[in-house]
Q: 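Here it is: the structure, laid out below.
Residue numbering restarts at 1 for every chain, and letters A, B, ... go by the order of the sequence lines.
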Amino acid sequence: MSELHAPVLGWYDEHARDLPWRRTSASAWSVMVSEFMLQQTPVNRVLPVHEAWLERWPTPAALAADEPGEAVRAWGRLGYPRRALRLHAAASAIVAEHGGEVPADKEALLALPGVGDYTAAAVASFAFGRRHVVLDTNVRRVLARTVTGVELPGSSVTRAERDLATSLLPDDEATAATWAVAVMELGALVCTATSPSCHRCPVADRCAWRAAGHPAYDGPARKVQTYAGTDRQCRGRLLGVVRDSEGAVPGTRLHAAWSETAQRERALASLLADGLLVRVETGEAEPRYALP
DNA sequence: GACTCGTGGTT
DNA sequence: TAACCAAGAGT
């Protein structure tokens, strides 16, 4: 038992947020939906969409029976709308291959569309109490600071990092599952990226980064994600036009949404390639575009 | 590994 | 205010 366990578990017991997907009444499907939505997206923006989603599609079968375009529409402005498409595809796979029940095995979860190492471990751990290393940006930051003594983890997960996380995972299955969510919560609420609240941290007295005097990050420059004027912004603008419309939208509407032709055409082509939009032949000269 | 893929709040 | 960042996945 690491000396980090007891204080972190105790802190979590007292300070954990009451999130819908954490309640004992929450289904594995609720947990899985939350994990898809939380990929690169803050909790506060996920909450209302998650609630509406579960009310409309309480099971994987319910979602699979609906059009993928409806998932894209219900995704709203969460961002990265391909996640909506993948969640729909994952629901279909769960119906086709798992009898409509979210699988509990990490390997089975990993085989689903849109489920990577993090999400597979998170669903197995949070929904089914399985023992897995759940390594997200929060956990990586907490371990980087408390154990390694640096402000921030590197750009990608290293072998050493995974070994460290594995060595800290409690042996007992139930304790391991609670530990996973507790470390994550500590990173989300206290050991935050830009302004950590060390005075509220249960392991501040044994934090290597704090003991070293909070040395600043000195690794390679972290990539800054620009947005204005990018293809991503253009795609978002175009998809938004169709998402907020009743039926198929004529190309002129897209033209009005983004004036630069070359970029608009490129973005439209990529949206069609991703399956986020489909071309609807009208018999007229001008094609229309709709959700799939 | 490096890149792409949305959106909006915070500093 | 421009930069930073938020429970990653897929190519």
Q: In terms of the nearest nucleotide of DNA chain B, which residue is placed more toward the 5' end: Ser155(A) or Gly240(A)?
A: Ser155(A)
Q: As a test of understanding, state which of Leu78(A), Leu38(A), Val72(A) forms a side-chain contact (heavy atoms from CB on, under 4.5 Å) with Arg83(A).
A: Leu78(A)
Q: Of all nucleotides in DNA chain C with an atom under 4.0 Å from a non-hydrogen atom of chain A, which is the first and which the last going 5' to 3'?
A: dC4(C) to dG10(C)
Q: Which whole-number value in Å describes the distance from Gln40(A) CD to dT4(B) C1'?
A: 12 Å
Q: Taking only N/O atoms, report every protein-nucleotides 9-11 of chain B pair under 3.5 Å with atom names and distance.
A:
none

Q: Out of curiosity, Glu173(A) CD to Thr178(A) OG1, how far, rounded to the nearest 0.5 Å?
A: 11.0 Å
Q: Enumerate donor-acceptor pairs with a distance under 3.5 Å from any side-chain N or O in residues 239-248 of chain A to protein atoms, sequence neighbours excluded.
A:
residue   : atom : partner   : partner atom : Å
Arg243(A) : NH1  : Gly76(A)  : O            : 3.1
Ser245(A) : OG   : Val241(A) : O            : 2.6
Ser245(A) : OG   : Arg253(A) : NH2          : 3.2

Q: List the atom pairs, donor and acceptor, that lie under 3.5 Å between side-chain atoms in residues 257-264 of chain A and the rest of the protein, sequence neighbours left out.
A:
residue   : atom : partner   : partner atom : Å
Trp258(A) : NE1  : Gln263(A) : OE1          : 3.0
Gln263(A) : NE2  : Gly229(A) : O            : 2.9
Gln263(A) : NE2  : Asp231(A) : OD1          : 2.9
Arg264(A) : NH1  : Trp258(A) : O            : 2.7
Arg264(A) : NH1  : Ser259(A) : O            : 3.3

Q: What heavy-atom pair brings Ala84(A) and Ala71(A) nearest, and what distance separates the two atoms?
A: CB-O, 3.7 Å
Q: How far does the P atom of dT11(C) sit from the matching atom of dG6(B), given to the nearest Å?
A: 14 Å
Q: Of the residues in residues 103-128 of chain A, which ones touch DNA chain C at a heavy-atom distance under 4.0 Å?
A: Pro113(A), Gly114(A), Val115(A), Gly116(A), Asp117(A), Tyr118(A), Thr119(A)
Q: In whole angstroms, how far is the P atom of dC5(B) from the CD atom of Gln39(A)?
A: 17 Å
Q: Select from Thr226(A) and Trp21(A) the residue whose nearest nucleotide in DNA chain C is closer to the 5' end of that strand.
A: Thr226(A)
Q: For a quick check of understanding: with a heavy-atom distance under 4.0 Å over all strands, which category does Leu239(A) fall into, base, sugar-phosphate or nothing?
A: nothing
Q: Could you tabulate the donor-acceptor pairs under 3.5 Å formed by side-chain atoms of residues 152-164 of chain A, not counting sequence neighbours?
A:
residue   : atom : partner   : partner atom : Å
Thr158(A) : OG1  : Glu161(A) : N            : 3.1
Arg159(A) : NE   : Asp163(A) : OD1          : 3.0
Arg159(A) : NE   : Asp163(A) : OD2          : 3.3
Glu161(A) : OE1  : Arg140(A) : NH2          : 3.2
Glu161(A) : OE1  : Thr158(A) : N            : 3.2
Glu161(A) : OE2  : Arg140(A) : NE           : 2.6
Glu161(A) : OE2  : Arg140(A) : NH2          : 3.3
Arg162(A) : NH2  : Asp117(A) : OD2          : 3.2

Q: Using modelled atom types and a 3.5 Å cut-off, is there a donor and acceptor pairing between side-chain atoms of Thr41(A) and backbone atoms of Gln39(A)?
A: yes
Q: Test: salt bridge (charged side-chain N to carboxylate O under 4.0 Å, His left out). Region: residues 34-46 of chain A. Which pairs qualify, not counting sequence neighbours?
A: none
Q: Using the ring-ring contact (aromatic ring centres under 6.0 Å, His included) rule, collect all pairs that involve residues 125-145 of chain A, keeping only residues at least two apart or in two chains.
A: none
Q: Taking ring-ring contact (aromatic ring centres under 6.0 Å, His included) as the cut-off, I'd like each qualifying pair that reaches into residues 183-220 of chain A, sequence neighbours left out, listed once.
A: Trp209(A)-His214(A)
Q: Leu19(A) near the nucleic acid: base, sugar-phosphate alone, or nothing, with a heavy-atom cut-off under 4.0 Å?
A: base
Q: Just grab all the ring-ring contact (aromatic ring centres under 6.0 Å, His included) pairs involving residues 45-72 of chain A, residues at least two apart or on different chains.
A: Trp21(A)-His50(A), Trp53(A)-Trp57(A), Trp53(A)-Trp75(A)
Q: Looking at Arg22(A), is its backbone amide N or carbonyl O close enough to the side chain of Arg17(A) to form a donor-acceptor pair, meaning the two atoms are under 3.5 Å apart?
A: no
Q: Roughly, in whole Å, what's the span from CG in Leu38(A) to P in dT7(B)?
A: 17 Å
Q: Tell me which residues in residues 134-153 of chain A lie within less than 4.0 Å of DNA chain C, going by non-hydrogen atoms.
A: Asp136(A), Thr137(A), Asn138(A), Arg141(A)
Q: Between P on dG1(B) and CD on Glu161(A), what's the gap in Å once rounded to a whole number?
A: 12 Å
Q: Could you tell me the separation between the CG atom of Leu238(A) and the P atom of dC5(B), rounded to a whole number of Å?
A: 12 Å
Q: Using a cut-off of 4.0 Å on non-hydrogen atoms, how would the nucleic acid contact of Arg77(A) be classed: base, sugar-phosphate, or nothing?
A: sugar-phosphate
Q: Leu87(A) has an atom CG; how far is it from atom P of dC5(B), in whole Å?
A: 21 Å
Q: Hey, is the side chain of Tyr227(A) poking within less than 4.0 Å of OP1 or OP2 on dT7(B), counting only N and O atoms?
A: yes
Q: Leu276(A) has an atom CG; how far is it from atom P of dC5(B), in whole Å?
A: 12 Å
Q: Can you tell me, in whole Å, how much space there is between the P of dA7(C) and that of dC5(B)?
A: 22 Å
Q: Have a look at Thr41(A) and say if it touches a base, only the backbone sugar-phosphate, or nothing, with a 4.0 Å heavy-atom cut-off.
A: base
Q: Output the distance between atom CZ (Phe36(A)) and atom OG1 (Thr119(A)), rounded to the nearest 0.5 Å.
A: 6.5 Å
Q: Just checking Arg17(A): base, sugar-phosphate only, or nothing, at a heavy-atom cut-off of under 4.0 Å?
A: base
Q: Let me have the donor-acceptor pairs involving side chains of residues 88-96 of chain A, under 3.5 Å, with sequence neighbours excluded, atom names and distances please.
A:
residue  : atom : partner  : partner atom : Å
His88(A) : NE2  : Leu63(A) : O            : 3.3
His88(A) : NE2  : Asp66(A) : O            : 2.7
Ser92(A) : OG   : His88(A) : O            : 3.2

Q: Assigning hydrophobic clusters by single linkage (Ile, Leu, Val, Met, Phe, Trp, Tyr; side-chain heavy-atom cutoff under 4.5 Å), is Leu85(A) placed with Met32(A)?
A: no
